[in-house]
Every structure is written in C-alpha cells, then in structure tokens.
Amino acid sequence: MLITRLVLAADRFRQWLIAQFVFLLLNVLKLFPADAAINFMDRVARWIGPKTSRHKLTLTNLRNAFPDKSDAWIGEIALESWGNMGRLAAEYVFLDRLFDFDPYRPEPGRVEVSGIPLFLELRDNPRPFIVFTAHSGNFEMLPVAGSAFGLDVTVLFRPPNNPYMAEKVFEFRKERMGNLVPSHAGSSFALARQLERGGAVGVLVDQKFRKGLKTKFFGQDVQTNPLLAKLVRQFNCEVYPARCVRLPGGRFRLEIEPAVEIPRRADGSVDVNATAQMLNDKVESWVREYPGQWLWYHDRWRIKGSL
C-alpha cells in the first residue's frame, strides 16, 4: 500500500533526523575538554529533565520508594538523577579518556577499582561466571574495566530503539567492551553458549520485564527477568555483583564484590524466584546508598499508564 510505505518512510526519516542531531551534539562535545563538556551536559539535563513528561514519573517513583522523605529531598534527588543522565550521555563521548585506571601507577587517577584481586583471580583461573549490575553511576565503564583486565565477558545490552543510533552504539561498544549480545528473543541462547564454552557474561538486572517473575523492589510489586537465575540453574556458575559509583570531582569507583550465595531449594536446585528477589535486594541496597545515581525516570514499577 502506498500510504503504508509513505508512513514507514516518514518514520525512518524522522529517526534518521533524530540520530543525526544526536551525532552532531556528541561531535560538538568532542571539541571541548572532557570535564567542561560533562558538567555542561549535567546542567542541561537538570534544566530539561523537569520539563519532560518523564519527570512526573521520576517524582512518583521516588515518593513511592522513599515515603518518609520530604518533598525537598525528593526534588533534589530527581535533579541529581537527571544530571547523572546528562553526564552519562557526555561521558559516552570521552569513555576512552575517562578510563585511566593503571594498577602500576602509585597516584590515583580518575578511576579507582575496588576488588582488584577478584578481577585478577577470575582472569587467571578462567571459568564460567556471571557479573550483574544496575543502571547506576556510569555502568558503561564496567565492561571497559573487564576488557582492560583481560576478562572474556560477553555483555548483554539493550540497543536504542532508533536503528541508526543502535548501529553506531553497537560499533562504539564493540571496540571498547569486548563481546556484545543485543537483547532480543535469541539472546539467552547466545549467553548460554558463552557459559558452555567456559566464558563469562554480564547482565543488567534492574530493567522492566513484562513476563518476569513476581518480586518486590522497594516494597512494591515488580516483574524481574528470570534469565540470570535460569543460567545459574543450567550451568551452576558463580555470580558476582558489580557497580560503578560516582565520586566527587568527576571521578569513579568501580566495585566488584565476592560471589553471592545462590538461594536453593531443599533438593539443592536453584530457587529461581528467590534468586530474582536476591538480585532486586542487592540493587535496592545500592540505590538506597546513592539514590541520585540511579535512573528514576525508568518505569520499573509499570505505573506510567496510571499517571
């Protein structure tokens, strides 16, 4: 149908136009010093964020998660979260320059790493394992750190909906983060093959999942992706929490924690629901510690339609 083709062509052109604008903005940012560009995007995001429809969702999420906090505190954390998003976008451009960790350099750089012995032990004793994290701080730095330590980690990521942006993002990430698996219907099989080969995988566990397991997050009902728990059940592999924390002065701390104890049933099998809840509890503890570094505009509790 001619009308259908015209509508599809118009939509493709709109997405192409949006992608070109984003690419132009990022290329302009490259012309400036990293800290100046990142601070600028922080201010821009704090100004634009409250003017978007997502700000109402951000405030609602924060009030539901922290019912005992004042409106002033809620507003402050919301702005910090928007600023974190702006910084994340700008840091994407300077990722190569920002990750300056060198274990042989005595003076600290922009990035510090907590859990270096664990990184080295996993590298020197290869085996299947899973690393999980959340959308907190600059979570993009964790795969870069894994690659820098020589770890063979296949990372599951969700590409942007815009196909033109998705292509560029995939190319950028692949050069700096090692093996990548776009999130789609067959991604679980790709991750399983990696573990079967004795490799490792990295996943984000705080995303909305429509057909997920019924769990709690900040005391409210959510649906959690069972993928990690099912992979553990299949391969009996270790699971390590990892996160990125923003520090003052544009610095970062990357942390990898000891392997978590996987909940099991009386017969010794993996308790998939309890494992999913354990992931939520870990992420919640991270978010409570640094609430302004999480992406609160994300509809984790599926309440957007009720606003």
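Since we're looking at a predicted model, the values are computed, not measured.
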Any salt bridge between Arg246 and Glu80, counting N to O under 4.0 Å? no

Nearest-0.5 Å distance that lies between atom CD in Glu257 and atom CG in Leu118: 9.5 Å

Run the ring pair (Phe, Tyr, Trp, His ring centres under 6.0 Å) check on Phe218 and Trp294 step by step: do they pass? CA-CA 13 Å; Phe218 280 89; Trp294 196 60; 7.1 Å; no

Show me the donor-acceptor pairs, under 3.5 Å and distance only, between side chains in residues 68-77 and residues at least two apart or in other chains.
| from | atom 1 | to | atom 2 | distance (Å) |
| --- | --- | --- | --- | --- |
| Ser70 | OG | Trp73 | N | 3.1 |

So how far is it from His298 NE2 to Lys208 NZ, rounded to the nearest 0.5 Å? 6.5 Å

Can you tell whether the side chains of Arg127 and Glu121 come within less than 4.0 Å, N to carboxylate O? yes

Evaluate the side-chain hydrogen bond (donor to acceptor under 3.5 Å, both in side chains) criterion for residues Gln277 and Asn273: first the C-alpha distance (whole Å), next the side-chain angles of each, then the deciding distance (0.1 Å), finally the verdict. CA-CA 6 Å; Gln277 184 58 58; Asn273 280 76; over 6 Å; no

Among residues at least two apart in sequence or on other chains, which ones pass side-chain contact (heavy atoms from CB on, under 4.5 Å) with Arg97? Phe94

Before we go on, tell me: are the rings of Trp286 and Phe139 under 6.0 Å apart, centre to centre? no

Straight-line distance of Asn138 CG to Leu88 CG, nearest 0.5 Å: 5.0 Å

Once the angle between the rings of Phe119 and Phe149 is folded into 0 to 90°, is it parallel (under 30°), tilted (30 to 60°) or perpendicular (over 60°)? parallel

In one Ile/Leu/Val/Met/Phe/Trp/Tyr side-chain cluster, 4.5 Å: Ile116, Val153: yes

Describe, in one word, how the ring planes of Trp301 and Trp296 are oriented to each other, choosing from parallel (under 30°), tilted (30 to 60°) and perpendicular (over 60°). parallel

CG on Leu195 to CD on Gln234, rounded to 0.5 Å: 8.0 Å

Among Arg251, Arg87, Arg110, salt bridge (Lys or Arg N to Asp or Glu O under 4.0 Å) partner for Asp35: Arg110

If you round to the nearest 0.5 Å, how far is NZ of Lys51 from CH2 of Trp82? 11.5 Å

When rounded to the nearest 0.5 Å, the distance separating OG of Ser285 from CZ of Arg243 is 7.0 Å

